[in-house]
2 protein chains.
Amino acid sequence: MTADNSIFIGNKPFMNYVTSVVMQFTTKNAPEVIIKARGKFISRAVDVAEVAAKRFLEGQVGMKDIKIDSEEFENKEGKQVRVSTIEILLEKK
Amino acid sequence: MTADNSIFIGNKPFMNYVTSVVMQFTTKNAPEVIIKARGKFISRAVDVAEVAAKRFLEGQVGMKDIKIDSEEFENKEGKQVRVSTIEILLEKK
């Protein structure tokens with residue numbers, strides 16, 4: 001599996017991400033797609049996964065694995081900051 | 001396991017939820033705690049789980065399972081609305 005199958009959730013319109021996920025499975029025939037997000041976009045990543053898997057690809061795609069983790073980094077002020085991350089692995093049935 | 005071990009994430013101050021999770025494991029000696037959230041609070045639920053498990057209970061508690069799902073309900077205008085949900089199961093090691 002290559003990095004091409006990862007979709008990183010951010011500020012774009014919601015349906016852009018859903019369409020990307022659906023197209024990975026349909027047009028590009030990917031066996032798996034990973035939806036990734038950090039911080040406040042985690043809720044959105046779950047929405048994208050649910051809408052793609054249950055509304056658009058119902059019966060064709062399932063949730064294989066969900067991982068949550070944290071990343072630590074130094075912000076501009078030199079302060080140590082922690083941000084949560086999620087990875088949702090969808091798999092063709 | 002009883003419903004007492006579930007913590008539902010909402011609008012209260014962040015550390016209230018972290019403290020609740022930590023106390024379930026320490027004071028109440030619970031073997032498992034489920035962190036639940038809907039919609040925009042999903043990101044927060046992941047933050048609570050990460051901070052509780054990695055900062056406060058490091059080495060003592062692990063992520064056992066993460067489930068995401070959707071609930072459909074009718075809003076005040078009679079329109080069908082979908083909301084995503086998450087359940088994060090933490091377990092004493």
Side-chain angles (χ1 to χ4, degrees), chain A residues 7-11 13-15 17-19 21-22 32-73 75 79-91 93, chain B residues 7-15 17-18 21-22 32-73 75 79-91 93:
Chain A
I7 289 165
F8 202 84
I9 306 300
N11 264 324
F14 181 74
M15 284 308 294
Y17 298 111
V18 175
T19 308
V21 172
V22 173
E32 293 182 344
V33 171
I34 307 181
I35 300 170
K36 298 183 180 183
R38 301 166 87 195
K40 68 174 178 174
F41 294 112
I42 288 175
S43 305
R44 213 159 193 233
V46 173
D47 286 338
V48 169
E50 284 290 312
V51 170
K54 297 199 178 151
R55 198 186 304 164
F56 288 91
L57 299 165
E58 206 185 344
Q60 300 168 59
V61 162
M63 307 269 170
K64 191 178 176 190
D65 192 29
I66 305 165
K67 285 186 193 137
I68 66 176
D69 203 353
S70 306
E71 287 173 17
E72 293 225 12
F73 60 96
N75 70 4
K79 204 182 154 192
Q80 209 65 16
V81 177
R82 197 199 58 76
V83 66
S84 300
T85 62
I86 197 166
E87 290 190 12
I88 304 168
L89 176 57
L90 299 180
E91 181 189 44
K93 281 183 181 168
Chain B
I7 290 164
F8 202 84
I9 306 300
N11 264 324
K12 288 184 203 160
F14 181 74
M15 284 307 294
Y17 298 111
V18 175
V21 173
V22 173
E32 293 182 343
V33 172
I34 306 182
I35 300 170
K36 296 182 181 183
R38 298 166 90 194
K40 67 174 178 173
F41 294 113
I42 289 176
S43 305
R44 213 159 192 231
V46 174
D47 286 339
V48 168
E50 284 289 311
V51 170
K54 296 199 179 152
R55 198 187 302 164
F56 289 90
L57 298 164
E58 206 186 344
Q60 299 167 61
V61 162
M63 307 271 169
K64 191 178 176 189
D65 193 28
I66 305 163
K67 285 186 192 134
I68 66 176
D69 203 354
S70 306
E71 286 174 16
E72 293 224 11
F73 61 96
N75 70 5
K79 203 182 155 194
Q80 209 66 16
V81 177
R82 197 200 58 79
V83 65
S84 300
T85 62
I86 197 167
E87 290 189 12
I88 303 169
L89 176 56
L90 300 180
E91 180 189 45
K93 280 182 182 170

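Given the structure is predicted, the values throughout are model-derived calculations rather than measurements. In what follows, every chain begins at residue 1, and chains take the letters A, B, ... in the order their sequences are listed.
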Below 4.5 Å from any heavy atom of chain A, which atoms of [X] appear? Answer side chain, backbone, both or neither.
X	answer
B/Arg55	side chain
B/Ala45	neither
B/Arg38	neither

Closest heavy-atom pair and its distance - A/Ser43, B/Ser43: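 Heavy-atom minimum between the residues: OG-OG, 2.7 Å.
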Can you measure from NZ (A/Lys67) to CD1 (B/Ile66) and round to the nearest 0.5 angstrom?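 Result: 10.0 Å between the selected atoms.
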If we ignore hydrogens and angles and just use 3.5 Å, is the side chain of A/Glu50 paired with the main-chain N or O of B/Ser84 as donor and acceptor?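 The answer is no, because no donor-acceptor pair under 3.5 Å joins these two groups.
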Quick one: of A/Ile68, A/Thr85, A/Val46, A/Ile86, who has the most non-hydrogen atom pairs under 4.5 Å with chain B?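 Answer, by heavy-atom pair count under 4.5 Å with chain B: A/Ile68.
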Would you call A/Asp69-B/Lys54 a salt bridge at under 4.0 Å N-O?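 Looking at B/Lys54 together with A/Asp69, the answer is yes, because their closest N to O distance falls below 4.0 Å.
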